[in-house]
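Just so it is clear, the values below take in all heavy atoms, side chains as well, and ignore hydrogens, waters and symmetry mates.
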Number of protein chains: 2
Amino acid sequence: MDVRTICLGILTRADATGYEIKKRVEEGGYRPFVEASFGAIYPALNKLTKDRFVSVRAEAQEKRPDRKIYSITEAGRRAFVASLMKPLTEDRHRSPFAFAMLFADLLPEQHIAQMLDAYIAHTEQALAQLQQADAKPKSQREHFANGMSQAAYAATLEYLRSHRLNGETRTAEAAE
Amino acid sequence: MDVRTICLGILTRADATGYEIKKRVEEGGYRPFVEASFGAIYPALNKLTKDRFVSVRAEAQEKRPDRKIYSITEAGRRAFVASLMKPLTEDRHRSPFAFAMLFADLLPEQHIAQMLDAYIAHTEQALAQLQQADAKPKSQREHFANGMSQAAYAATLEYLRSHRLNGETRTAEAAE
DNA sequence: GTCGATCTATATCGGGCCAATATAGACTGC
DNA sequence: GCAGTCTATATTGGCCCGATATAGATCGAC
(Lines give C-alpha, C1' and ligand atoms only; values in the text may rest on other atoms or scores of the structure.)
Protein backbone atom coordinates (compact mmCIF):
# COMPACT_ATOMS: atom_id res chain seq x y z
CA MET A 1 0.00 0.00 0.00
CA ASP A 2 2.22 2.77 -1.22
CA VAL A 3 1.55 6.44 -0.64
CA ARG A 4 0.42 6.99 -4.24
CA THR A 5 -2.39 4.48 -3.73
CA ILE A 6 -3.34 6.05 -0.41
CA CYS A 7 -3.55 9.48 -2.05
CA LEU A 8 -5.71 8.14 -4.86
CA GLY A 9 -8.05 6.49 -2.36
CA ILE A 10 -8.56 9.67 -0.40
CA LEU A 11 -9.10 11.66 -3.56
CA THR A 12 -11.88 9.29 -4.65
CA ARG A 13 -13.91 10.77 -1.77
CA ALA A 14 -13.13 14.45 -2.29
CA ASP A 15 -10.62 16.85 -3.81
CA ALA A 16 -7.87 17.91 -1.44
CA THR A 17 -4.51 19.63 -1.05
CA GLY A 18 -1.47 17.65 0.06
CA TYR A 19 -1.89 19.07 3.52
CA GLU A 20 -5.53 17.98 3.69
CA ILE A 21 -4.63 14.48 2.56
CA LYS A 22 -2.21 14.22 5.45
CA LYS A 23 -4.88 15.39 7.90
CA ARG A 24 -7.43 12.92 6.58
CA VAL A 25 -4.99 10.06 6.89
CA GLU A 26 -4.49 10.97 10.54
CA GLU A 27 -8.01 11.79 11.56
CA GLY A 28 -10.38 10.10 9.18
CA GLY A 29 -11.55 6.53 9.21
CA TYR A 30 -8.09 5.59 7.99
CA ARG A 31 -6.43 5.52 11.37
CA PRO A 32 -4.67 3.35 12.41
CA PHE A 33 -4.22 1.26 9.25
CA VAL A 34 -2.33 3.73 7.12
CA GLU A 35 0.21 6.48 7.59
CA ALA A 36 1.96 8.86 5.24
CA SER A 37 4.40 11.69 5.79
CA PHE A 38 4.68 14.96 3.89
CA GLY A 39 7.99 13.77 2.55
CA ALA A 40 6.08 10.96 0.87
CA ILE A 41 2.82 12.71 -0.04
CA TYR A 42 4.18 15.65 -2.03
CA PRO A 43 6.43 13.59 -4.31
CA ALA A 44 3.60 11.04 -4.70
CA LEU A 45 1.22 13.78 -5.88
CA ASN A 46 3.83 15.04 -8.34
CA LYS A 47 4.25 11.57 -9.78
CA LEU A 48 0.49 11.05 -9.97
CA THR A 49 0.14 14.37 -11.81
CA LYS A 50 2.84 13.37 -14.29
CA ASP A 51 1.04 10.07 -14.85
CA ARG A 52 -2.30 11.88 -15.38
CA PHE A 53 -3.94 10.03 -12.49
CA VAL A 54 -4.71 13.32 -10.77
CA SER A 55 -5.11 16.89 -12.00
CA VAL A 56 -4.18 20.06 -10.15
CA ARG A 57 -5.70 23.48 -10.01
CA ALA A 58 -3.85 26.23 -8.19
CA GLU A 59 -5.90 28.56 -6.06
CA ALA A 60 -4.08 31.86 -5.68
CA GLN A 61 -3.92 33.30 -2.18
CA GLU A 62 -2.76 36.68 -1.06
CA LYS A 63 0.59 36.63 0.69
CA ARG A 64 0.61 32.89 0.89
CA PRO A 65 1.75 30.14 -1.42
CA ASP A 66 -0.94 28.88 -3.79
CA ARG A 67 -3.21 26.11 -2.59
CA LYS A 68 -2.77 23.23 -5.00
CA ILE A 69 -6.02 21.35 -5.09
CA TYR A 70 -5.80 17.84 -6.49
CA SER A 71 -8.62 15.92 -8.19
CA ILE A 72 -8.58 12.31 -9.27
CA THR A 73 -9.05 11.63 -13.00
CA GLU A 74 -10.93 8.78 -14.62
CA ALA A 75 -7.61 7.07 -15.34
CA GLY A 76 -6.73 7.54 -11.70
CA ARG A 77 -9.94 5.86 -10.57
CA ARG A 78 -9.27 2.93 -12.83
CA ALA A 79 -5.69 2.64 -11.58
CA PHE A 80 -6.86 2.79 -7.98
CA VAL A 81 -9.43 0.02 -8.40
CA ALA A 82 -6.87 -2.06 -10.28
CA SER A 83 -4.39 -1.74 -7.42
CA LEU A 84 -7.05 -2.87 -4.91
CA MET A 85 -7.85 -5.86 -7.10
CA LYS A 86 -4.25 -7.06 -7.04
CA PRO A 87 -3.36 -9.45 -4.19
CA LEU A 88 -2.87 -7.28 -1.12
CA THR A 89 0.40 -7.26 0.77
CA GLU A 90 0.36 -8.55 4.32
CA ASP A 91 -0.41 -6.47 7.37
CA ARG A 92 2.59 -5.20 9.26
CA HIS A 93 2.68 -4.75 13.00
CA ARG A 94 5.75 -3.30 14.59
CA SER A 95 5.99 -2.94 18.31
CA PRO A 96 9.12 -1.49 19.88
CA PHE A 97 7.36 -2.02 23.20
CA ALA A 98 6.92 -5.77 22.74
CA PHE A 99 10.50 -6.04 21.51
CA ALA A 100 11.76 -4.22 24.61
CA MET A 101 9.69 -6.55 26.83
CA LEU A 102 11.69 -9.48 25.47
CA PHE A 103 14.76 -7.92 27.05
CA ALA A 104 13.19 -7.13 30.40
CA ASP A 105 15.97 -9.06 32.12
CA LEU A 106 18.48 -6.42 30.98
CA LEU A 107 16.50 -3.44 32.28
CA PRO A 108 15.75 -2.02 35.74
CA GLU A 109 12.46 -3.38 37.04
CA GLN A 110 11.18 0.10 37.71
CA HIS A 111 11.72 1.10 34.12
CA ILE A 112 9.76 -1.90 32.88
CA ALA A 113 6.82 -0.88 35.04
CA GLN A 114 7.01 2.62 33.60
CA MET A 115 7.06 1.36 30.02
CA LEU A 116 4.09 -0.85 30.71
CA ASP A 117 2.08 1.96 32.26
CA ALA A 118 2.91 4.27 29.38
CA TYR A 119 1.94 1.61 26.85
CA ILE A 120 -1.35 0.87 28.58
CA ALA A 121 -2.15 4.58 28.79
CA HIS A 122 -1.35 5.03 25.14
CA THR A 123 -3.48 2.10 24.07
CA GLU A 124 -6.39 3.34 26.18
CA GLN A 125 -6.15 6.69 24.50
CA ALA A 126 -6.07 5.19 21.02
CA LEU A 127 -9.12 3.06 21.85
CA ALA A 128 -10.99 6.07 23.24
CA GLN A 129 -10.28 8.00 20.05
CA LEU A 130 -11.61 5.18 17.93
CA GLN A 131 -14.77 4.95 20.03
CA GLN A 132 -15.26 8.68 19.75
CA ALA A 133 -14.76 8.63 15.99
CA ASP A 134 -17.25 5.79 15.76
CA ALA A 135 -19.93 7.74 17.59
CA LYS A 136 -20.38 10.12 14.66
CA PRO A 137 -22.55 8.76 11.87
CA LYS A 138 -20.36 6.92 9.39
CA SER A 139 -20.54 4.65 6.43
CA GLN A 140 -20.91 0.96 7.16
CA ARG A 141 -17.44 0.34 5.77
CA GLU A 142 -15.81 2.79 8.11
CA HIS A 143 -17.72 1.35 11.03
CA PHE A 144 -16.53 -2.12 10.09
CA ALA A 145 -12.87 -1.14 9.86
CA ASN A 146 -13.03 0.95 13.00
CA GLY A 147 -14.64 -1.94 14.91
CA MET A 148 -11.88 -4.29 13.84
CA SER A 149 -9.25 -1.99 15.33
CA GLN A 150 -11.27 -1.49 18.47
CA ALA A 151 -11.53 -5.24 18.97
CA ALA A 152 -7.76 -5.66 18.70
CA TYR A 153 -6.98 -2.75 21.01
CA ALA A 154 -9.51 -3.84 23.61
CA ALA A 155 -8.13 -7.38 23.66
CA THR A 156 -4.57 -6.11 24.01
CA LEU A 157 -5.59 -3.89 26.91
CA GLU A 158 -7.40 -6.68 28.68
CA TYR A 159 -4.38 -8.92 28.25
CA LEU A 160 -1.99 -6.32 29.61
CA ARG A 161 -4.17 -5.57 32.60
CA SER A 162 -4.48 -9.19 33.60
CA HIS A 163 -0.86 -10.15 32.86
CA ARG A 164 1.07 -7.16 34.09
CA LEU A 165 4.70 -8.17 33.97
CA ASN A 166 5.79 -6.19 36.99
CA GLY A 167 7.29 -7.08 40.33
CA GLU A 168 4.15 -7.45 42.40
CA THR A 169 2.26 -9.52 39.88
CA ARG A 170 5.20 -11.74 39.23
CA THR A 171 5.46 -12.46 42.93
CA ALA A 172 1.71 -12.99 43.21
CA GLU A 173 1.65 -15.37 40.28
CA ALA A 174 4.59 -17.33 41.63
CA ALA A 175 2.71 -17.76 44.91
CA GLU A 176 -0.32 -19.31 43.23
CA MET B 1 13.34 0.37 16.48
CA ASP B 2 15.91 0.41 13.74
CA VAL B 3 17.59 -2.68 12.37
CA ARG B 4 20.84 -1.96 14.19
CA THR B 5 19.03 -2.18 17.52
CA ILE B 6 17.25 -5.37 16.47
CA CYS B 7 20.57 -6.97 15.55
CA LEU B 8 22.12 -5.96 18.87
CA GLY B 9 19.19 -7.45 20.76
CA ILE B 10 19.42 -10.77 19.01
CA LEU B 11 23.18 -10.87 19.53
CA THR B 12 22.72 -10.39 23.29
CA ARG B 13 21.24 -13.91 23.31
CA ALA B 14 23.81 -15.65 21.09
CA ASP B 15 26.41 -15.05 18.40
CA ALA B 16 25.04 -15.31 14.88
CA THR B 17 25.68 -14.70 11.19
CA GLY B 18 23.59 -12.18 9.27
CA TYR B 19 21.60 -15.03 7.84
CA GLU B 20 20.88 -16.49 11.26
CA ILE B 21 19.76 -13.11 12.56
CA LYS B 22 17.21 -12.94 9.77
CA LYS B 23 15.95 -16.44 10.60
CA ARG B 24 15.60 -15.63 14.29
CA VAL B 25 13.67 -12.47 13.55
CA GLU B 26 11.23 -14.55 11.53
CA GLU B 27 10.91 -17.61 13.68
CA GLY B 28 11.90 -16.71 17.20
CA GLY B 29 9.81 -15.03 19.83
CA TYR B 30 10.21 -11.84 17.82
CA ARG B 31 7.39 -12.44 15.40
CA PRO B 32 5.28 -10.48 14.67
CA PHE B 33 6.63 -7.32 16.33
CA VAL B 34 9.77 -6.86 14.31
CA GLU B 35 10.96 -7.45 10.78
CA ALA B 36 14.21 -6.88 8.98
CA SER B 37 15.37 -7.63 5.44
CA PHE B 38 18.82 -8.72 4.28
CA GLY B 39 19.20 -5.38 2.57
CA ALA B 40 18.93 -3.81 6.03
CA ILE B 41 20.74 -6.41 8.16
CA TYR B 42 24.05 -6.61 6.30
CA PRO B 43 24.65 -2.85 6.17
CA ALA B 44 23.54 -2.61 9.82
CA LEU B 45 26.12 -5.20 10.86
CA ASN B 46 28.82 -3.35 8.93
CA LYS B 47 27.97 -0.11 10.69
CA LEU B 48 27.87 -1.85 14.08
CA THR B 49 31.29 -3.34 13.38
CA LYS B 50 32.69 0.06 12.44
CA ASP B 51 31.24 1.48 15.67
CA ARG B 52 32.79 -1.38 17.71
CA PHE B 53 29.39 -2.50 18.99
CA VAL B 54 29.93 -5.95 17.50
CA SER B 55 33.00 -7.94 16.53
CA VAL B 56 33.33 -10.40 13.65
CA ARG B 57 35.24 -13.59 13.22
CA ALA B 58 35.31 -15.21 9.80
CA GLU B 59 34.96 -18.97 9.65
CA ALA B 60 36.55 -20.25 6.48
CA GLN B 61 34.54 -22.82 4.56
CA GLU B 62 35.59 -24.93 1.64
CA LYS B 63 34.14 -23.82 -1.66
CA ARG B 64 31.78 -21.42 0.04
CA PRO B 65 32.04 -17.84 1.17
CA ASP B 66 33.24 -17.40 4.74
CA ARG B 67 30.67 -17.49 7.50
CA LYS B 68 30.96 -14.16 9.31
CA ILE B 69 29.99 -14.75 12.89
CA TYR B 70 29.08 -11.63 14.84
CA SER B 71 29.40 -11.17 18.62
CA ILE B 72 28.17 -8.24 20.65
CA THR B 73 30.82 -6.28 22.57
CA GLU B 74 30.51 -4.68 26.00
CA ALA B 75 30.07 -1.28 24.34
CA GLY B 76 27.36 -2.87 22.21
CA ARG B 77 25.52 -4.15 25.26
CA ARG B 78 25.63 -0.73 26.85
CA ALA B 79 24.40 0.92 23.65
CA PHE B 80 21.57 -1.59 23.37
CA VAL B 81 20.34 -1.06 26.92
CA ALA B 82 20.63 2.71 26.44
CA SER B 83 18.45 2.56 23.34
CA LEU B 84 15.79 0.55 25.22
CA MET B 85 15.84 3.12 28.02
CA LYS B 86 15.05 5.97 25.65
CA PRO B 87 11.34 6.68 25.14
CA LEU B 88 10.11 4.07 22.70
CA THR B 89 8.54 5.03 19.40
CA GLU B 90 4.90 4.16 18.89
CA ASP B 91 3.63 0.89 17.52
CA ARG B 92 2.79 0.88 13.86
CA HIS B 93 0.01 -1.14 12.34
CA ARG B 94 -0.46 -1.09 8.62
CA SER B 95 -3.29 -2.97 7.03
CA PRO B 96 -3.76 -2.84 3.26
CA PHE B 97 -6.76 -5.10 3.87
CA ALA B 98 -8.54 -2.65 6.18
CA PHE B 99 -7.75 0.19 3.79
CA ALA B 100 -9.24 -1.77 0.90
CA MET B 101 -12.37 -2.48 2.96
CA LEU B 102 -12.98 1.26 3.18
CA PHE B 103 -13.42 1.25 -0.59
CA ALA B 104 -15.67 -1.78 -0.76
CA ASP B 105 -18.22 0.28 -2.68
CA LEU B 106 -15.81 0.53 -5.62
CA LEU B 107 -15.13 -3.21 -5.85
CA PRO B 108 -17.10 -6.22 -7.05
CA GLU B 109 -18.91 -7.85 -4.15
CA GLN B 110 -17.42 -11.21 -4.99
CA HIS B 111 -13.92 -9.84 -4.74
CA ILE B 112 -14.61 -8.40 -1.29
CA ALA B 113 -15.76 -11.81 -0.09
CA GLN B 114 -12.56 -13.33 -1.45
CA MET B 115 -10.37 -10.77 0.28
CA LEU B 116 -12.17 -11.34 3.54
CA ASP B 117 -11.80 -15.10 3.32
CA ALA B 118 -8.12 -14.78 2.50
CA TYR B 119 -7.58 -12.38 5.37
CA ILE B 120 -9.38 -14.62 7.85
CA ALA B 121 -7.41 -17.64 6.67
CA HIS B 122 -4.18 -15.74 6.98
CA THR B 123 -4.97 -14.52 10.48
CA GLU B 124 -5.95 -18.03 11.57
CA GLN B 125 -2.64 -19.32 10.32
CA ALA B 126 -0.67 -16.61 12.12
CA LEU B 127 -2.54 -17.36 15.34
CA ALA B 128 -1.92 -21.10 14.99
CA GLN B 129 1.79 -20.44 14.52
CA LEU B 130 1.90 -18.34 17.65
CA GLN B 131 0.10 -21.01 19.65
CA GLN B 132 2.49 -23.63 18.36
CA ALA B 133 5.52 -21.52 19.22
CA ASP B 134 4.10 -20.97 22.68
CA ALA B 135 3.76 -24.70 23.33
CA LYS B 136 7.52 -25.12 23.53
CA PRO B 137 9.05 -24.13 26.84
CA LYS B 138 10.00 -20.46 26.75
CA SER B 139 11.08 -17.65 28.95
CA GLN B 140 8.36 -15.77 30.78
CA ARG B 141 9.09 -12.67 28.69
CA GLU B 142 8.59 -14.49 25.43
CA HIS B 143 5.41 -16.04 26.73
CA PHE B 144 4.13 -12.60 27.72
CA ALA B 145 4.85 -11.02 24.34
CA ASN B 146 3.49 -14.02 22.44
CA GLY B 147 0.29 -13.93 24.50
CA MET B 148 -0.24 -10.27 23.72
CA SER B 149 -0.15 -10.98 20.00
CA GLN B 150 -2.40 -13.98 20.38
CA ALA B 151 -4.97 -11.88 22.21
CA ALA B 152 -5.03 -9.29 19.43
CA TYR B 153 -5.24 -11.86 16.64
CA ALA B 154 -7.96 -13.84 18.37
CA ALA B 155 -10.06 -10.73 18.93
CA THR B 156 -9.65 -9.68 15.30
CA LEU B 157 -10.72 -13.12 14.13
CA GLU B 158 -13.75 -13.16 16.35
CA TYR B 159 -14.75 -9.74 15.11
CA LEU B 160 -14.37 -10.71 11.46
CA ARG B 161 -16.37 -13.90 11.91
CA SER B 162 -19.27 -12.17 13.58
CA HIS B 163 -19.24 -9.09 11.33
CA ARG B 164 -18.53 -10.52 7.91
CA LEU B 165 -19.09 -7.70 5.47
CA ASN B 166 -20.44 -9.84 2.66
CA GLY B 167 -23.70 -9.96 0.77
CA GLU B 168 -25.58 -12.49 2.83
CA THR B 169 -24.70 -11.00 6.18
CA ARG B 170 -25.46 -7.52 5.03
CA THR B 171 -28.88 -8.64 3.95
CA ALA B 172 -29.42 -10.55 7.16
CA GLU B 173 -28.39 -7.60 9.30
CA ALA B 174 -30.60 -5.25 7.36
CA ALA B 175 -33.55 -7.56 8.03
CA GLU B 176 -33.09 -7.41 11.79
C1' DG C 1 20.24 -41.83 -10.00
C1' DT C 2 19.49 -37.41 -11.39
C1' DC C 3 16.92 -33.18 -11.59
C1' DG C 4 14.46 -29.48 -9.62
C1' DA C 5 13.61 -27.29 -5.34
C1' DT C 6 14.95 -25.60 -1.18
C1' DC C 7 18.61 -24.19 1.99
C1' DT C 8 22.80 -21.74 3.59
C1' DA C 9 25.17 -17.49 3.02
C1' DT C 10 26.78 -13.20 1.29
C1' DA C 11 25.91 -8.78 -0.93
C1' DT C 12 24.16 -4.74 -3.85
C1' DC C 13 20.82 -1.51 -5.93
C1' DG C 14 16.77 1.29 -7.00
C1' DG C 15 13.33 3.29 -5.28
C1' DG C 16 10.23 4.43 -1.49
C1' DC C 17 9.51 6.40 2.82
C1' DC C 18 10.15 8.91 7.47
C1' DA C 19 11.75 12.55 10.45
C1' DA C 20 13.61 16.77 10.56
C1' DT C 21 13.99 21.13 8.84
C1' DA C 22 12.89 25.55 6.31
C1' DT C 23 9.67 29.19 5.19
C1' DA C 24 5.88 32.27 6.16
C1' DG C 25 1.74 34.51 7.15
C1' DA C 26 -2.66 33.98 10.08
C1' DC C 27 -5.07 33.00 13.95
C1' DT C 28 -5.80 32.05 19.07
C1' DG C 29 -5.18 32.36 23.86
C1' DC C 30 -3.28 34.39 27.77
C1' DG D 1 1.53 41.88 22.51
C1' DC D 2 3.64 37.71 22.05
C1' DA D 3 4.04 32.70 22.20
C1' DG D 4 2.18 28.89 20.28
C1' DT D 5 -0.37 26.56 16.93
C1' DC D 6 -2.31 26.20 12.28
C1' DT D 7 -2.32 26.24 7.17
C1' DA D 8 0.53 25.08 3.36
C1' DT D 9 4.41 23.81 0.44
C1' DA D 10 8.78 21.63 -0.16
C1' DT D 11 13.60 19.42 0.40
C1' DT D 12 17.15 16.46 2.33
C1' DG D 13 19.62 12.62 4.67
C1' DG D 14 19.45 8.46 5.77
C1' DC D 15 17.05 4.15 6.51
C1' DC D 16 14.75 0.28 4.79
C1' DC D 17 12.35 -3.18 1.59
C1' DG D 18 12.04 -6.12 -2.38
C1' DA D 19 14.31 -7.85 -6.07
C1' DT D 20 18.21 -9.69 -7.87
C1' DA D 21 22.79 -12.09 -8.24
C1' DT D 22 25.85 -15.80 -6.94
C1' DA D 23 26.94 -20.54 -5.66
C1' DG D 24 27.56 -24.85 -3.66
C1' DA D 25 24.83 -28.36 -0.57
C1' DT D 26 21.24 -31.22 0.40
C1' DC D 27 17.10 -33.70 -0.29
C1' DG D 28 12.91 -35.58 -2.02
C1' DA D 29 10.51 -37.29 -6.10
C1' DC D 30 10.17 -39.96 -10.03
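- Between B:Asn46 and A:Met1, the residue whose closest nucleotide on DNA chain C is further toward the 5' end is B:Asn46.
- One finds a side-chain N or O of A:Tyr19 lying less than 4.0 angstrom from the OP1 or OP2 phosphate oxygen of D:dT7.
- Taking CZ from A:Arg161 and OG1 from A:Thr156, the interatomic distance works out to 11.0 Å, rounded to the nearest 0.5 Å.
- Residue whose closest nucleotide on DNA chain C sits further toward the 5' end, between B:Pro43 and A:Ala44: B:Pro43.
- Nucleotide D:dA8 holds its P atom 14 Å from the CG atom of A:Asp15, rounded to whole Å.
- Not a single donor-acceptor pair under 3.5 Å links the side chain of A:Tyr70 to the backbone N or O of A:Leu8.
- Test A:Glu124, A:Glu27, A:Arg31 against A:Gln129 for side chain to side chain donor-acceptor pair (under 3.5 Å) and you get one pass: A:Arg31.
- To the nearest angstrom, C1' of C:dG15 lies 15 Å from CG of A:Asp51.
- Nucleic acid contact class of B:Ala36 (heavy atoms, under 4.0 Å, all strands): sugar-phosphate only.
- Put simply, A:Lys23 has a side-chain N or O that comes within less than 4.0 Å of OP1 or OP2 on D:dT7.
- In this structure, B:Lys68 reaches the C:dA11 phosphate: one of its side-chain N or O atoms is under 4.0 Å from OP1 or OP2.
- Close to C:dC17, at under 4.0 Å from its OP1 or OP2, lies no side-chain N or O of A:Arg4.
- Nucleotide D:dC17 holds its C1' atom 7 Å from the CZ atom of A:Arg92, rounded to whole Å.
- Atoms CD (A:Glu27) and C1' (D:dC6) sit 12 Å apart, rounded to a whole Å.
- The interatomic distance linking B:Phe38 (CZ) with D:dG18 (P) rounds to 13 Å, in whole Å.
- Using a 4.0 Å heavy-atom distance criterion, B:Gly39 is classed as a base contact.
- At D:dC17, one or more side-chain N or O atoms of A:Arg94 fall inside 4.0 Å of OP1 or OP2 (strictly under the cut-off).
- Applying the 4.0 Å criterion to OP1 and OP2 of C:dT8, one finds that B:Thr17 has every side-chain N and O outside that range.
- Exactly one of B:Arg24, B:Lys22, B:Lys23 qualifies for a salt bridge (charged side-chain N to carboxylate O under 4.0 Å, His left out) with B:Glu26. That residue is B:Lys22.
- One interatomic measurement links the two molecules: CD of A:Glu26 to P of D:dT5, which rounds to 16 Å at whole-angstrom precision.
- Going from atom CZ of B:Arg57 over to atom P of C:dA9 covers 13 Å, rounded to whole Å.
- Salt bridge status for B:Asp51 with B:Lys47: present, with a side-chain N to carboxylate O gap under 4.0 Å.
- Here the nucleotide nearest the side chain of B:Glu20, chosen from C:dC18, C:dA9, D:dG18, is C:dA9.
- For B:Tyr42 and C:dA11, the shortest distance from a side-chain N or O to OP1 or OP2 is not below 4.0 Å.
- Rounded to a whole Å, the CD1 atom of B:Ile21 is 16 Å from the C1' atom of D:dC16.
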